[in-house]
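Any value given below was found using the heavy atoms of this structure, including those in side chains, with hydrogens, waters and symmetry copies removed. Proteins get letters first, then strands, A, B, ... in listed order; numbering begins at 1 in each.
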There are 2 protein chains.
Amino acid sequence: MRREALLDAAEELLDEQGAQGLTLAAVAERAGVSKGGLLYHFASKQSLISGMIERLIAEFDALVEAQRQDTYTKAYLDATIAAITAGRLKRWAVVTGASGDPHLLAPLREAMERWHSQGIGAELDPEASRVVRLACGGLWEIAAHCPGVSTDHDALRRRLLALL
Amino acid sequence: MRREALLDAAEELLDEQGAQGLTLAAVAERAGVSKGGLLYHFASKQSLISGMIERLIAEFDALVEAQRQDTYTKAYLDATIAAITAGRLKRWAVVTGASGDPHLLAPLREAMERWHSQGIGAELDPEASRVVRLACGGLWEIAAHCPGVSTDHDALRRRLLALL
DNA sequence: GCGACTATACCGGCCGGACGGTTAAGTGGC
DNA sequence: GCCACTTAACCGTCCGGCCGGTATAGTCGC
């Protein structure tokens with residue numbers, strides 16, 4: 001699908017060059033399409049960015065679903081680790097793309113609220129669940145910004161599961 | 001100091017309107033200065049952003065120092081909570097400003113690596129320390145993006161301290 | 001089975017505005 | 001009268017988006 005290729009190109013550009021690398025011309029060129037072709041699939045730069053955000057949310061939700069754990073928190077933890085180690089789902093890169101206009105982040109905010117609150121009452125220890133989910137947020141941050149901080153994901157995962 | 005006022009103005013604009021609201025003209029106007037006056041203090045937009053980042057790091061380091069806890073992790077936790085509840089130190093807003101050019105984030109990355117690794121070997125339980133520091137990252141994220149998720153900071157703080 | 005017509009996908013040149021940065025000319029404190 | 005500081009006008013570039021055009025494929029009447 002051309003549309004997916006364009007979203008991929010945009011994501012890569014954001015990851016490599018930051019928000020100012022995300023120009024319509026650059027995205028089109030990387031995807032092997034003309035600018036007009038890009039505008040055909042995404043009527044504006046905003047809609048391109050929204051497309052990235054929505055895909056990001058959908059992919060992560062699918063990843064959580066695929067974990068088949070017995071609680072949402074455990075599934076969320078495993079999905080986070082899976083996404084980070086796979087290098088896919090560059091949450092941070094996509095966010096930088098939307099940093100120009102806070103409006104564009106609204107869907108992501110909504111999703112994040114869900115990720116932090118969904119099923120938290122049904123957990124054995126809701127407070128511990130909150131801690132684990134917060135730690136997942138920290139993991140994202142580290143993965144995005146600090147390649148220098150080595151993290152033993154296996155050990156960390158065991159430790160967090162022990163909390164639940 | 002005019003310089004500080006300019007940094008304040010830039011921070012406020014980022015917080016309210018995102019990266020594309022951060023133009024030299026807008027910053028100058030909000031600070032009650034002309035564009036030339038802004039350029040006198042900061043030779044370029046880059047140096048303005050770098051100024052924000054360096055101030056942010058220095059302020060947070062000072063806040064950690066001021067906590068006077070017996071371990072770095074505890075001080076870091078309390079500083080994080082203090083910064084969030086005070087509404088100061090808009091870490092995220094400043095980061096969005098630098099999202100255009102990944103280069104500008106280098107000092108912040110360095111600081112974050114420090115925040116996550118400093119004195120971690122000297123802690124009673126380094127692994128628990130790591131968890132607490134990661135959770136602090138999650139707290140930042142929540143505070144920046146999800147006003148809807150209510151967090152009982154007191155309870156959370158007790159819980160995290162109990163881990164250490 | 002052929003001509004008229006439409007839909008989908010894509011092209012690329014152009015323009016207008018916005019924005020970062022420059023400069024020349026002040027202004028006031030000391 | 002110098003120097004830190006401020007100002008307003010100006011310039012060049014870059015980028016988002018518009019628009020007229022092309023090509024391929026499908027549809028329908030007849």
Side-chain angles (χ1 to χ4, degrees), chain A residues 1-55 93-107, chain B residues 1-55 93-107:
Chain A
M1 194 87 164
R2 246 349 189 302
R3 208 184 133 92
E4 294 297 310
L6 286 164
L7 291 175
D8 290 340
E11 231 176 74
E12 288 165 25
L13 277 168
L14 276 178
D15 196 39
E16 292 166 18
Q17 306 178 32
Q20 75 193 21
L22 188 75
T23 66
L24 297 185
V27 173
E29 191 190 5
R30 177 169 292 228
V33 180
S34 76
K35 212 163 88 173
L38 163 56
L39 265 321
Y40 174 80
H41 290 282
F42 298 95
S44 68
K45 191 177 184 179
Q46 285 198 5
S47 82
L48 173 65
I49 297 173
S50 295
M52 279 193 287
I53 290 180
E54 267 153 40
R55 187 174 74 161
V94 171
V95 168
T96 62
S99 65
D101 181 6
H103 241 49
L104 296 171
L105 281 177
Chain B
M1 194 88 165
R2 253 333 196 304
R3 208 185 133 93
E4 295 296 312
L6 286 164
L7 290 176
D8 288 341
E11 233 176 71
E12 289 165 23
L13 277 169
L14 277 179
D15 196 40
E16 293 167 16
Q17 305 178 33
Q20 74 193 21
L22 188 75
T23 66
L24 296 184
V27 173
E29 191 191 4
R30 177 169 291 229
V33 179
S34 75
K35 209 163 83 172
L38 163 57
L39 266 317
Y40 176 80
H41 290 282
F42 298 95
S44 68
K45 190 177 184 179
Q46 285 198 5
S47 82
L48 172 66
I49 296 174
S50 295
M52 280 193 287
I53 289 180
E54 268 152 40
R55 186 174 75 161
V94 170
V95 168
T96 61
S99 64
D101 181 5
H103 239 47
L104 296 170
L105 280 177

What's the closest nucleotide to the side chain of B:Ser44 if the choices are C:dG13, D:dT6, C:dG21?
C:dG21

Given atom CZ of B:Arg3 and atom P of D:dA4, what is their separation to the nearest angstrom?
16 Å

Just wondering, do B:Asp101 and B:Ile49 contact through their side chains at under 4.5 Å, heavy atoms?
no

Using a heavy-atom cut-off of 4.0 Å across all strands, would you classify A:Thr23 as base, sugar-phosphate, or nothing?
sugar-phosphate

Given the rule in the side chain to side chain contact (heavy atoms under 4.5 Å, CB included) test, do B:Met52 and B:Leu14 qualify, once you have shown the distances and angles that lead to the verdict?
CA-CA 11 Å; B:Met52 280 193 287; B:Leu14 277 179; 3.7 Å; yes

Counting C-beta onward and ignoring hydrogens, is there a side-chain heavy-atom pair between B:His103 and B:Gln46 closer than 4.5 Å?
no

NA contact type, B:Leu38, heavy-atom cut-off 4.0 Å: base, sugar-phosphate, or nothing?
nothing

What's the closest nucleotide to the side chain of A:Val33 if the choices are D:dT6, C:dC11, D:dG17?
C:dC11

Please check the phosphate of C:dC10 (OP1 and OP2 only) for any side-chain N or O of A:Arg2 closer than 4.0 Å.
yes

Does OP1 or OP2 of C:dG12 have a side-chain N or O of A:Lys35 closer than 4.0 Å?
no

What's the closest nucleotide to the A:Lys45 side chain, out of D:dT6, C:dG12, D:dG16?
D:dG16

Out of curiosity, B:Leu38 CG to B:Arg3 CZ, how far, rounded to the nearest 0.5 Å?
11.0 Å

CZ of A:Phe42 versus P of D:dC15: gap in Å, rounded?
20 Å

Does some side-chain heavy atom of B:Leu104 sit less than 4.5 Å from a side-chain heavy atom of B:Lys45?
no

The nucleotide from D:dA8, D:dG16, C:dT8 with an atom nearest the side chain of A:Tyr40 is C:dT8

Across the strands shown, which category fits B:Leu22 at heavy-atom distances under 4.0 angstrom: base, sugar-phosphate, nothing?
sugar-phosphate

Roughly, in whole Å, what's the span from CD in A:Gln46 to P in D:dC15?
18 Å

Toward the 5' end of DNA chain D, which comes first, A:Gln20 or A:Gly36, by nearest nucleotide?
A:Gln20

Could you state the NE2-C1' distance from A:His41 to C:dT8, rounded to the nearest angstrom?
10 Å

Rounding to an integer number of Å, can you tell me how far B:Leu24 CG sits from C:dG20 C1'?
6 Å

Starting from P on C:dC19, measure out to CG on B:Leu39 and report it in whole angstrom.
15 Å

